[in-house]
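Note that the structure is predicted; figures quoted are calculated from it, not measured.
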Amino acid sequence: MAELRHSSSMGSRAASASPRKRDDVAVASSPLSPDNIPTSSSSDDNRSRHTRDRGGLRSFFSAGHLHSLFPFSFTDDARLHTHNSKISVFVLCLIFLAAIISVSSIVNRLNAPYLCKKDGIVLHCPRVKEHPSLWENPYSATTSWKPCAERRVGIISDIPAENETNGYIFIHAEGGLNQQRIAICNAVAVAKIMNATLILPVLKQDQIWKDQTKFEDIFDVDHFIDYLRDDVRIVRDIPGWFTDKSELFTSIRRTVKNIPKYAPAQFYIDNVLPRIKEKKIMSLKPFVDRLGYDNVPPEINRLRCRVNYHALKFLPEIEQMADQLVSRMKNRTASSNPFMALHLRFEKGMVGLSFCDFVGTRAEKALMALYRLKEWPRRFKDGSHLWALALQKRKEGRCPLEPGEVAVMLRAMGYPKETQIYVASGQVYGGQNRMAPLRNMFPNLVAKEELATKAELDGFRKHVTSLAALDFLVCLKSDVFVMTHGGNFAKLIIGYRRYMGHRLKSIKPDKGLMSKSLGDPYMGWATFVEDVVVTHQTRTGLPEETFPNYDIWENPLTPCMCKA
């Protein structure tokens with residue numbers, strides 16, 4: 001703009017300099033000057049003179065001559081024109097800049113991931129290009145490790161006879177199916193540490209599940225005992241010489257309590273083994289997470305993997321029904337398709353226990369507050385501190401993902417609308433309204449009740465644990481497994497799929513990233529997609545190095561897998 005103003009002012013000074021000199025030049029070049037009058041009177045000369053006269057008139061009435069005759073009026077007009085041009089350019093620049101800012105702002109707002117063209121309770125997100133690696137991990141990243149916790153072959157067993165061990169231990173495997181599974185694995189390991197005989201664990205009923213399932217109602221007992229015959233002595237029932245069986249459940253003298261969480265192997269040798277030697281039969285209670293990971297010998301951790309991945313097999317009828325569900329998921333359309341299993345942890349109990357805040361009506365929030373006050377009165381107090389706590393937990397990624405948030409994340413990863421999804425969950429808190437965004441973006445969403453007939457499932461309904469076992473096996477065999485919140489179910493599935501070779505993808509969402517991104521109203525869809533894809537490239541169940549206090553159920557790499 002400075003150069004433009006400088007050239008314009010130079011032109012104005014040139015145009016207004018020395019009017020007399022300009023007049024002399026104009027007269028000298030004018031066709032009416034005496035020097036330019038022809039002397040020949042021939043017709044050709046006349047025609048030439050006539051032509052020259054017309055050309056001279058045109059040049060006479062040109063801008064240069066008129067400007068020389070009326071210098072002051074034309075100079076003012078030029079200055080005004082230049083000034084107006086500057087103003088017009090400046091105004092156009094302002095308009096153009098404002099338009100860019102407005103369009104950018106509108107695009108960012110419309111493309112924000114939490115909006116995704118919101119239509120009431122339904123979200124419509126843009127489609128992302130489907131990547132080849134959506135359904136499996138890269139082959140090169142899955143061939144460096146192999147399972148190595150299977151039963152030893154050709155090894156002479158050194159397990160003493162039943163009456164020659166240090167005594168008997170008995171446990172109640174509490175909680176749901178997954179807590180029970182972990183308790184059983186730990187019980188075998190503790191029996192090995194103390195050289196004790198393990199009485200077949202009882203699956204204890206608790207207040208939440210209210211299930212009366214026995215070990216033999218869900219697991220193959222013969223396979224369990226036989227597979228571990230070279231590791232631990234296991235018997236089906238309390239020995240006959242112990243007549244008062246009820247005493248084992250109720251007597252304080254027969255129960256070892258106050259076992260610390262994640263206790264080391266040495267704790268059992270120092271504190272539990274002497275009592276077993278004295279009483280011969282002892283009950284361990286409680287027994288959830290009562291054995292650590294990095295404070296026990298590696299062979300004990302390997303034994304726990306042997307129990308989890310090889311010895312604990314579901315009954316044949318459960319395995320067969322699960323295989324049918326998997327086959328139906330893969331063949332729901334005309335051609336065979338991969339499918340995703342989604343563990344959606346958004347039941348009322350989980351939402352309440354999380355103490356996180358979720359979008360809902362005022363009445364819904366009031367009912368949730370009453371529910372929390374009833375179930376967890378000490379934590380709830382008067383509720384005044386919960387809002388700040390909820391914000392902090394969401395920022396740290398400690399809140400369950402809502403169905404709509406899961407849908408947006410999967411769409412950003414590139415999974416198309418046609419993706420077949422198996423949902424493993426209880427009753428979703430908020431019902432159909434809460435599920436609407438997920439079901440709208442992924443309409444091929446089914447649960448086991450929609451894949452199997454009522455008659456097929458009736459045989460499993462008498463044991464809640466059996467239904468949970470079906471979900472466990474379908475998630476285990478799916479092409480992609482997606483968890484939405486922590487818990488033993490997700491940890492066991494991810495660990496099991498890792499042990500099977502890491503080939504199958506197991507997506508563990510970065511809930512902190514999701515909270516930050518979905519809470520930013522100005523983040524564009526393209527930026528959100530890039531963040532989600534890049535962040536989750538390393539969260540797909542590939543081998544991970546272990547670390548202090550690592551969880552063997554989610555990452556069995558070091559103790560239970562070997563270099564290929």
Polar contact flag, side-chain donor to acceptor under 3.5 angstrom, Thr255-Ser283: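 No, Ser283 and Thr255 have no side-chain donor paired with an acceptor closer than 3.5 Å.
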Can you tell me if Gln324 and Gln320 form a side-chain donor-acceptor pair at under 3.5 Å?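 Judged by distance alone, the side chains do not pair up.
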Please enumerate all residues that pass salt bridge (charged side-chain N to carboxylate O under 4.0 Å, His left out) together with [X], with sequence neighbours excluded.
X	result
Asp270	none
Arg439	none
Arg306	Asp231
Arg332	none

Kindly indicate whether a cation-pi arrangement holds for Arg372 with Phe380, taking the cut-offs as under 6.0 Å to the six-membered ring centre and within 45° of the axis.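 Cation-pi check for Arg372 and Phe380: fails.
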Before accepting this row, confirm whether a basic side-chain N of the pair [X]/[Y] lies closer than 4.0 Å to the acidic partner's carboxylate O.
X	Y	result
Lys448	Asp471	yes
Glu405	Arg434	no
Arg229	Asp226	yes
Glu162	Arg233	no

Any pair counted as salt bridge (Lys or Arg N to Asp or Glu O under 4.0 Å), so long as it reaches residues 341-363, sequence neighbours left out: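 Residue pairs with at least one partner in residues 341-363: Asp357-Lys365.
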Would you mind listing every disulfide bond (SG atoms under 2.5 Å apart) that reaches into residues 338-381, with sequence neighbours excluded?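 Non-adjacent pairs meeting disulfide bond (SG atoms under 2.5 Å apart): Cys356-Cys399.
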Keeping [X] on the side-chain end and [Y] on the backbone end, is there a donor-acceptor pair under 3.5 Å?
X	Y	result
Ser517	Met514	no
Arg503	Gly501	no
Arg394	Ser515	no
Asn308	Ile182	no
Asn271	Phe267	yes
Asn166	Met194	yes

Excluding sequence neighbours, so at least two apart, what forms ring pair (Phe, Tyr, Trp, His ring centres under 6.0 Å) with [X]?
X	answer
His172	Phe170, Phe249
Tyr262	Tyr293
Phe215	Phe219, Phe224

List, one per line, each side-chain donor-acceptor pair under 3.5 Å for residues 492-500, sequence neighbours excluded.
residue: Tyr496; atom: OH; partner: Tyr309; partner atom: O; Å: 3.3
residue: Arg497; atom: NE; partner: Ser506; partner atom: OG; Å: 2.9
residue: Arg497; atom: NH1; partner: Cys475; partner atom: O; Å: 3.0
residue: Arg497; atom: NH1; partner: Leu476; partner atom: O; Å: 3.2
residue: Arg497; atom: NH1; partner: Ser478; partner atom: O; Å: 2.9
residue: Arg497; atom: NH1; partner: Ser478; partner atom: OG; Å: 3.2
residue: Arg497; atom: NH2; partner: Ser478; partner atom: O; Å: 3.3
residue: Arg497; atom: NH2; partner: Asp479; partner atom: O; Å: 3.3
residue: Arg497; atom: NH2; partner: Lys505; partner atom: O; Å: 2.7
residue: Arg498; atom: NE; partner: Leu542; partner atom: O; Å: 3.3
residue: Arg498; atom: NH1; partner: Glu554; partner atom: O; Å: 2.8
residue: Arg498; atom: NH2; partner: Glu544; partner atom: OE2; Å: 2.8
residue: Tyr499; atom: OH; partner: Ala149; partner atom: N; Å: 3.1
residue: Tyr499; atom: OH; partner: His310; partner atom: NE2; Å: 2.8

With Arg236 via side chain to side chain donor-acceptor pair (under 3.5 Å) - residues at least two apart: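 Scan of Arg236 (side chain to side chain donor-acceptor pair (under 3.5 Å), adjacent residues dropped) gives Asp222.
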Under the side-chain contact (heavy atoms from CB on, under 4.5 Å) rule, collect the residues that match up with Asn163, sequence neighbours excluded.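 Counting only residues at least two positions away or on another chain, Asn163 forms a side-chain contact (heavy atoms from CB on, under 4.5 Å) with Ala161.
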Could you check whether Tyr415 and Phe442 have their ring centres less than 6.0 Å apart?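 They do not qualify: ring centres at least 6.0 Å apart.
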